[in-house]
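Each remark here refers to the structure printed beneath this line.
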Amino acid sequence: MQKDAVIKPVIMCGGSGTRLWPLSRKAFPKQFIPLYQGKSLFELTVERVSNLGDVLAVSGDEYRFFVQEAADKLGVELPQLLEPAGRDTAPAMALAAFFDGEADDLILFCPADHFIPDALRFQTMVQEAQKLADEGWIVTFGVQPGLPSTAYGYIELGEKISGEARKSLRFHEKPDSKTALEFLSSGKFLWNSGIFLIKRSVLLNALNEFEPDIFNACQSAMADVVQDGSFWRPGDSFASAPKKSIDYAVMEHAKNIAVFPFNGVWSDVGSWNAMFALSEMDDNGCGKIGVAENIHSINSENTLVHASERRFVVTIGTRDLVIVDTPDALMVSALDQVENVKQAVAELEVANRTEASEHRRVARPWGAYDSIDYSDRFQVKRITVKPGARLSLQRHRHRAEHWVVVKGTALVTRDNETFLLKENESTYIPLGAVHRMENPGKTPLELIEVQSGSYLGEDDIERFDDEYGRTTKNRELGQG
């Protein structure tokens with residue numbers, strides 16, 4: 001291996017995590033939710049790969065501030081390459097390969113939602129794979145199956161290359177139960193982790209050979225890339241890239257694929273069964289996640305319970321259940337039926353239920369808001385603003401607002417006046433008034449907002465100034 005070989009970790013931040021509904025939803029997916037010791041899977045991934053090289057995140061507009069908030073929390077620089085639209089892993093990886101760097105750089109592609117507690121073992125495995133990747137092999141990492149799972153794709157192992165590395169015979173999609181058992185019994189298959197170590201030039205050559213439409217669309221998009229602070233926005237030609245996974249686009253065709261087995265603990269935390277395995281267990285096999293002190297079990301066995309900070313959950317005599325309580329949705333499922341949660345989400349979407357994709361508490365770049373109560377003529381929100389942050393300068397056409405500060409100090413702009421609001425003080429924002437709220441302090445600002453009017457939708461907002469790059473035409477972030 002050449003001494004100047006460089007590893008560039010790229011974290012893939014896509015995925016909606018609907019199999020972990022109602023905890024994970026499209027507007028706030030599992031990779032950004034604190035699931036393990038107060039940290040999100042994305043944060044753990046950043047920590048795991050940071051020692052290998054400078055990290056790049058491939059994300060989208062809807063998740064860019066989740067990524068930025070995690071980077072700020074960890075105290076790291078983390079540029080983001082923002083996909084203009086979701087096109088699956090092959091185009092996303094192509095964008096990263098066309099990003100700034102040398103042809104001989106090795107790119108480590110890692111999903112943002114994997115749980116790998118032994119970071120040192122993972123780093124050692126990657127470093128051991130460097131030589132083959134530098135020689136032109138497409139290196140992937142397979143996980144030794146612990147059970148005949150139907151939730152993962154599989155890699156069929158071929159002849160030895162060197163050390164523990166084996167050639168890949170073929171990639172298999174998620175099998176049925178019978179086939180999964182056959183795979184496990186043969187000892188010739190590994191779970192497909194979706195983690196790859198590839199020389200930049202090797203990946204681009206493979207895409208150009210097997211998927212020229214993806215190659216050309218992404219090359220053109222990156223030729224028009226625009227920097228926006230720590231965000232990099234590819235050009236509109238990305239929309240013409242076919243939607244295809246890297247497995248279908250490259251791995252099923254390439255002959256130079258090397259597989260390194262990873263024998264450490266690994267999970268993509270892709271189901272409630274996987275969450276059960278990571279939960280805090282009691283003597284009766286009951287698992288607790290979320291706010292554990294809000295869970296109490298009596299004569300219960302093999303039951304997983306998630307509790308939020310808002311409600312106490314008690315189980316009595318339950319067996320083989322999954323109970324997930326959130327402020328706006330409760331799911332109770334038989335343990336052997338919990339994989340059907342995707343069907344439940346699909347049916348909620350057909351019924352136009354916002355709970356299918358949005359939480360009651362909604363994250364924003366300046367903080368968050370929680371919809372406490374609502375009717376057809378009013379809505380009550382609890383708003384939290386980060387220290388030093390401010391909402392956009394805006395007005396509403398159909399609603400007025402009352403603000404009551406309950407913690408901290410707010411700097412309020414209302415038409416031509418600016419004033420401070422302290423705890424237990426309030427103000428009124430008339431319909432049509434140009435206004436802004438900001439937190440000039442060093443602690444979080446909390447206030448209660450009461451909206452009243454004929455229309456209370458999040459798209460009733462006209463922005464005049466916004467430091468987060470949102471405009472009146474770009475309303476996907478709604479509130480503030």
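The residues of the chain are indexed from 1 along the displayed sequence.
Using a 4.0 Å cut-off between charged nitrogen and carboxylate oxygen, Glu159 and Lys167 do not count as a salt-bridge pair.
With sequence neighbours excluded, the residues forming a side chain to side chain donor-acceptor pair (under 3.5 Å) with Glu182 are Lys178, listed by chain and number. Partners of Asp268 under the side chain to side chain donor-acceptor pair (under 3.5 Å) rule, at least two apart in sequence or in another chain, are Tyr152. For Phe231, the ring pair (Phe, Tyr, Trp, His ring centres under 6.0 Å) partners are Phe65, not counting sequence neighbours. When the ring pair (Phe, Tyr, Trp, His ring centres under 6.0 Å) test is applied to Phe141, no partner is found at least two apart in sequence or on another chain. Not counting sequence neighbours, the partners of Thr45 by the side chain to side chain contact (heavy atoms under 4.5 Å, CB included) test are Ile11, Arg48, Cys110.
Two residues are said to be in side-chain contact when any heavy atoms from C-beta on lie closer than 4.5 Å; Gln130 and Ile7 meet this criterion. The shortest side-chain heavy-atom distance between Val55 and Val76 does not fall under the 4.5 Å cut-off. Ile161 is listed as a side-chain neighbour of Trp137, based on a closest heavy-atom distance under 4.5 Å. Side chains of Arg166 and Lys188 form no contact here, defined as non-hydrogen atoms less than 4.5 Å apart. Proximity of Glu43 to Glu47: side-chain heavy atoms (C-beta onward) are nowhere separated by under 4.5 Å. Leu41 has its side chain out of reach of Ile33: every pair of non-hydrogen atoms, C-beta onward, lies at least 4.5 Å apart. Considering only heavy atoms from C-beta on, Ile246 stays 4.5 Å or farther from Met12 through its side chain.
Screening residues 86-101 for side chain to side chain donor-acceptor pair (under 3.5 Å) gives no qualifying pairs among residues at least two apart or on separate chains. Applying the salt bridge (charged side-chain N to carboxylate O under 4.0 Å, His left out) rule to pairs touching residues 278-297 yields nothing, sequence neighbours excluded. A salt bridge (charged side-chain N to carboxylate O under 4.0 Å, His left out) check over residues 294-323, counting only residues at least two apart or in different chains, returns the pairs Glu301-Arg319, Arg310-Asp370, Arg311-Asp325. Sequence neighbours left out, the pairs with a member in residues 237-251 that pass salt bridge (charged side-chain N to carboxylate O under 4.0 Å, His left out) are Glu211-Lys244. Counting only residues at least two apart or on different chains, no ring pair (Phe, Tyr, Trp, His ring centres under 6.0 Å) pair has a member in residues 283-313.
Side-chain contact, Thr318 with Thr303: a donor N or O sits under 3.5 Å from an acceptor N or O.
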Please tabulate, one pair per line, all N/O donor-acceptor pairs under 3.5 Å involving side-chain atoms of residues 196-208, not counting sequence neighbours.
| from | atom 1 | to | atom 2 | distance (Å) |
| --- | --- | --- | --- | --- |
| Lys199 | NZ | Asp134 | O | 2.8 |
| Arg200 | NE | Glu102 | O | 2.9 |
| Arg200 | NH1 | Ala96 | O | 3.4 |
| Arg200 | NH1 | Ala97 | O | 3.0 |
| Arg200 | NH1 | Phe99 | O | 3.2 |
| Arg200 | NH2 | Asp105 | OD2 | 3.3 |
| Ser201 | OG | Ala103 | O | 3.4 |
| Asn205 | ND2 | Ser201 | O | 3.1 |

List the atom pairs, donor and acceptor, that lie under 3.5 Å between side-chain atoms in residues 19-28 and the rest of the protein, sequence neighbours left out.
| from | atom 1 | to | atom 2 | distance (Å) |
| --- | --- | --- | --- | --- |
| Arg19 | NE | Gly270 | O | 2.9 |
| Arg19 | NE | Glu339 | OE1 | 3.4 |
| Arg19 | NH1 | Gly270 | O | 3.1 |
| Arg19 | NH2 | Gly270 | O | 3.3 |
| Arg19 | NH2 | Glu339 | OE1 | 3.3 |
| Trp21 | NE1 | Glu355 | O | 2.9 |
| Ser24 | OG | Ser16 | O | 3.3 |
| Ser24 | OG | Gly17 | O | 3.0 |
| Ser24 | OG | Lys30 | N | 2.8 |
| Arg25 | NE | Pro22 | O | 2.7 |
| Arg25 | NH1 | Asp328 | OD1 | 3.4 |
| Arg25 | NH1 | Asp328 | OD2 | 3.0 |
| Arg25 | NH1 | Glu355 | O | 3.2 |
| Arg25 | NH1 | Glu358 | O | 2.6 |
| Arg25 | NH2 | Pro22 | O | 3.2 |
| Arg25 | NH2 | Thr326 | OG1 | 3.2 |
| Arg25 | NH2 | Asp328 | OD1 | 2.8 |

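More than 12 heavy atoms of other residues, nucleotides or ligands shown are found within 6.0 angstrom of NZ on Lys386. Remark: Asp176 CG is packed, more than 12 non-hydrogen atoms of other residues, nucleotides or ligands lying under 6.0 Å away.
With rounding to the nearest 0.5 Å, the separation of CG in Leu82 from CG in Leu95 is 10.0 Å.
Ring centers of Phe210 and Tyr248: at least 6.0 Å apart, outside the cut-off.
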Inset, instruction - Output, in order, the C-alpha distance, side-chain angles, deciding distance and verdict of ring pair (Phe, Tyr, Trp, His ring centres under 6.0 Å) for Phe66 and Phe42. - result: CA-CA 9 Å; Phe66 292 136; Phe42 174 74; over 10 Å; no
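Judged purely by atom type and a 3.5 angstrom limit, Ser267 uses its side chain to pair as donor or acceptor with the backbone of Val269.
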